[in-house]
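Heads up: the structure comes next, in structure tokens.
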Amino acid sequence: MREFYPKKGRVILHVDMNSFYASVEMAYDPSLKGKPLAIAGDAKQRKGIVVTCSYEARKYGVKAPMPIWEAKKLCPQLIVRKPNFDRYRLVSKAMFDILRTFSMLVEPVSIDEGYIDITHGHELGTPVQIAKKIQTKITNQLDLPCSIGIAPNKFLAKMASGMKKPLGITVLRKRDIPSVLWPLPVIEMHGIGEKTAEKLASIKVFTIKDLAHAHDMQLQAAIGIRGIQLKERANGEDTRKVDPEAMSLHKSVGNSMTLPRDISNQTELLGVLKKLANKVASRLKRKTYVTNNIAIMIRYNNWETVTRSCTLPNPVSAAGDVYQAAKTLFIKHWNGNPVRLLGITGQDVIKADQAFEQLDLFSYEREAKKEPLYDVIDEITKKYGPSSIKMGIDQEKEES
């Protein structure tokens, strides 16, 4: 089997669970199999948004993050289930336990995907045989489908796993890059979102091939130093190792300010917090990090120091999100005494391209508050047609 493995280099798999939440619900309730199913914040027809849905529902055009009322219009027979995050975390742990039976070099990226380094797995078979064994074991033990990418590095493995869904196995070698990756629109490349794609389009970079051959100075001018890294990825270069400890590294990004005088006015102190939040957000974005945890430090004029933190429902990097979390903590824990120093820290930071925005019930309830707006939009579109009104983000996409 050694001939199927490189003498130098690595063999990395990216395992991506297919429609994870919906698939878990089908595994727990087999009567849902083969039916259009959506996981959303409220089972009532006109509450919440779709966070994921079965492939049967996707055939009707249902997708995330679509309001349930809209999904029901597209697919009247749509079945809606509330999310069960305790169940999903339990199944996720079982999935990663299965991966570790093939190699201890397993790096979870989110609740439903991860990398596994099988460079020294020749005793278990060829890379494709190992991928098939993983699929079979996950299917037999958990009754869940997954797609697997096989490649010499993490980036190519990630790209490969998305090429055949559900239950696909795709091998992507460096020699395949010109024919398989380069013709794709740059927006389909892992790590590139709509805003980055728009900036790249401004310098005539429309495909992954364009990015692979782009001028370094133009890239840096358009999207900063990250442009060079994206160009390397477009050429199939990625030296990152599979790191089992990556998700548990407690990195942080923070800023503090010693005040020019002791301050006991809440409005002034919140103004200082806002400035600190802007600085923290700027550093997070510069490092392409997001944070799952915000901490504040309050040092009083008697040098008593208090630190408090909170875990956030979703990873954030925007100044407004950082400030709101810090403000809530401050108002809850400030005792009213004069303050000498304030600080904000984003803890447990991870790279933005590894973050997974796990919508939870808090997010759904927040979206449900927009329900009156959805009602109005629904009435207008009924009367004047679907093109009569558009949400701002959709309009922006059409105009770009």
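Counting heavy atoms of neighbouring residues, nucleotides and ligands inside a 6.0 Å radius, atom CZ of Phe96 exceeds 12 of them. Counting heavy atoms of neighbouring residues, nucleotides and ligands inside a 6.0 Å radius, atom CD of Glu123 does not exceed 12 of them. Within 6.0 Å of NZ in Lys133 there are more than 12 heavy atoms belonging to other residues, nucleotides or ligands. Atom NZ of Lys63 is surrounded by 12 or fewer heavy atoms from other residues, nucleotides or ligands within 6.0 Å. Surrounding CE of Met163 are more than 12 heavy atoms belonging to other residues, nucleotides or ligands, all under 6.0 Å away. Counting non-hydrogen atoms of other residues, nucleotides and ligands closer than 6.0 Å to NZ of Lys132 gives a total of 12 or fewer.
Checking Ile150, Ile148, Leu124 one by one against Ile130, the side-chain contact (heavy atoms from CB on, under 4.5 Å) holds for a single residue, Leu124. The only option from Asp262, Asn335, Asn337 that meets the side chain to side chain donor-acceptor pair (under 3.5 Å) definition with Tyr300 turns out to be Asn335. No option in Asp210, Ile223, Thr196 other than Asp210 meets the side-chain contact (heavy atoms from CB on, under 4.5 Å) test with Val205. Considering Arg233, Lys158, Lys154 in turn, Lys158 is the only one that fulfils the side-chain contact (heavy atoms from CB on, under 4.5 Å) rule with His190.
No hydrogens or angles considered: a donor-acceptor pair under 3.5 Å links the side chains of Ser147 and Asn18. No side-chain N or O of Arg10 forms a donor-acceptor pair with one of Thr119 less than 3.5 Å apart. Donor-acceptor pairing under 3.5 Å is recorded for the side chains of Lys137 and Thr101. With no hydrogens or angles considered, no side-chain donor-acceptor pair links Tyr115 and Asp243 at under 3.5 Å.
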> Given Leu167 and Gln135, is the side chain to side chain contact (heavy atoms under 4.5 Å, CB included) satisfied, shown in steps?
Replying inline: CA-CA 8 Å; Leu167 281 172; Gln135 269 191 347; 4.1 Å; yes
> What's the verdict on side-chain hydrogen bond (donor to acceptor under 3.5 Å, both in side chains) for Tyr28 and Asn84, showing C-alpha distance, side-chain angles and the deciding distance?
Replying inline: CA-CA 11 Å; Tyr28 272 80; Asn84 186 327; over 6 Å; no
> How far apart are the C-alpha atoms of Val349 and Val290, what are their side-chain angles, what is the distance that settles it, and do they pass the side chain to side chain contact (heavy atoms under 4.5 Å, CB included) test?
Replying inline: CA-CA 5 Å; Val349 301; Val290 293; over 6 Å; no
>> side chain to side chain contact (heavy atoms under 4.5 Å, CB included) for Thr307 and Ile296? Distances and angles first, verdict last.
In response: CA-CA 6 Å; Thr307 58; Ile296 64 165; over 6 Å; no
> Would Asp216 and Lys231 count as a salt bridge (Lys or Arg N to Asp or Glu O under 4.0 Å) if you check the C-alpha gap in whole Å, the side-chain angles of each, and the deciding distance to 0.1 Å?
Replying inline: CA-CA 8 Å; Asp216 288 359; Lys231 178 180 177 179; 2.8 Å; yes
>> What verdict does the side chain to side chain contact (heavy atoms under 4.5 Å, CB included) test give for Tyr88 and Ile39, after you've listed the backbone C-alpha separation in whole Å, the side-chain angles of each residue and the deciding distance to 0.1 Å?
In response: CA-CA 12 Å; Tyr88 305 150; Ile39 307 302; 3.8 Å; yes
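Leu211 contributes atom CG, which lies 12.0 Å from atom CG of Leu184 (distance to the nearest 0.5 angstrom). With values rounded to the nearest 0.5 angstrom, Met217 atom CE is found 12.0 Å from Ile203 atom CD1. Here NZ of Lys209 is found 13.0 Å from CG of Leu181. Values are rounded to the nearest 0.5 Å. Taken to the nearest 0.5 Å, the NZ atom of Lys82 stands 11.5 Å off from the CZ atom of Phe85. Separating the NE2 atom in His14 from the SG atom in Cys146 is a distance of 11.0 Å, to the nearest 0.5 Å. Of the inter-residue distances, the one linking Leu99 atom CG with Met104 atom CE reads 11.0 Å to the nearest 0.5 angstrom.
By the rule that hydrophobic residues join a cluster once side-chain heavy atoms approach within less than 4.5 Å of another member, Ile187 and Ile208 end up as members of separate clusters. A continuous path of hydrophobic side-chain contacts links Val106 to Val91 [ILVMFWY only; heavy atoms under 4.5 Å]. Under the 4.5 Å side-chain heavy-atom criterion for ILVMFWY residues, a single connected hydrophobic cluster contains both Met26 and Met17. Cluster membership check: Val180 does not share its hydrophobic cluster with Val128, using side-chain heavy-atom separations under 4.5 Å among Ile, Leu, Val, Met, Phe, Trp and Tyr. Hydrophobic cluster membership is shared by Val253 and Leu342, with clusters built from Ile, Leu, Val, Met, Phe, Trp and Tyr side chains linked at under 4.5 angstrom.
Taking both residues in full, the closest heavy atoms of Thr207 and Pro183 are given as CG2-O, 4.2 Å, listed atom of the first, atom of the second, then distance. Looking at every heavy atom in both residues, Thr52 comes nearest to Ala64 through N-CB, 4.4 Å. Scanning all heavy atoms of the two residues, the minimum distance from Ala212 to Trp182 falls at CB-NE1, 3.6 Å. Ile134 and Ile116 get closest at one heavy-atom pair: CD1-CD1, 4.5 Å. Nearest heavy-atom pair, Pro6 versus Lys8, reported as atom, atom and distance to 0.1 Å: CB-O, 3.0 Å. Gly191 and Leu230 get closest at one heavy-atom pair: O-CD2, 4.3 Å.
Side-chain contact between Met95 and Leu144 is absent, with no heavy-atom pair separated by less than 4.5 Å. Using a 4.5 Å cut-off on side-chain heavy atoms (C-beta onward), Leu32 and Ile79 make contact. Annotation: side chain of Leu172 is in contact with side chain of Met159 (closest heavy-atom distance under 4.5 Å). Looking only at side-chain heavy atoms (C-beta outward), Thr305 and Arg299 come within less than 4.5 Å of each other. Contact annotation: the side chain of Leu200 approaches that of Leu219 to within less than 4.5 Å [non-hydrogen atoms, C-beta and beyond]. Counting heavy atoms from C-beta outward, Arg226 and Gln220 have side chains that stay 4.5 Å or more apart. Side chains of Cys53 and Ser19 form no contact here, defined as non-hydrogen atoms less than 4.5 Å apart. Considering only heavy atoms from C-beta on, Ile294 stays 4.5 Å or farther from Gln347 through its side chain.
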Under 3.5 Å, side-chain donor or acceptor atoms of residues 318-333 against the rest of the protein: list the pairs with distances, not counting sequence neighbours.
unit_1: Thr328; atom_1: OG1; unit_2: Gln324; atom_2: O; d: 2.9

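Note on Glu237 versus Lys174: no salt bridge recorded, every NZ/NE/NH1/NH2 to OD/OE distance being 4.0 Å or above. The pair Asp16-Lys164 fails the salt-bridge criterion, with no side-chain N (NZ, NE, NH1 or NH2) lying under 4.0 Å from an Asp/Glu carboxylate O.
Ring orientation note: the planes of His122 and Tyr5 are nearly perpendicular, at an angle over 60° on the 30°/60° scale.
Applying the side-chain hydrogen bond (donor to acceptor under 3.5 Å, both in side chains) test to every pair with at least one member in residues 263-277, sequence neighbours left out, gives these pairs: Arg261-Glu268.
A distance-only check finds a donor-acceptor pair linking the side chain of Asn153 to the backbone of Gly236 [under 3.5 Å]. Distance alone, capped at 3.5 Å, is enough to place a donor-acceptor pair between the Ser103 side chain and the Asp117 backbone.
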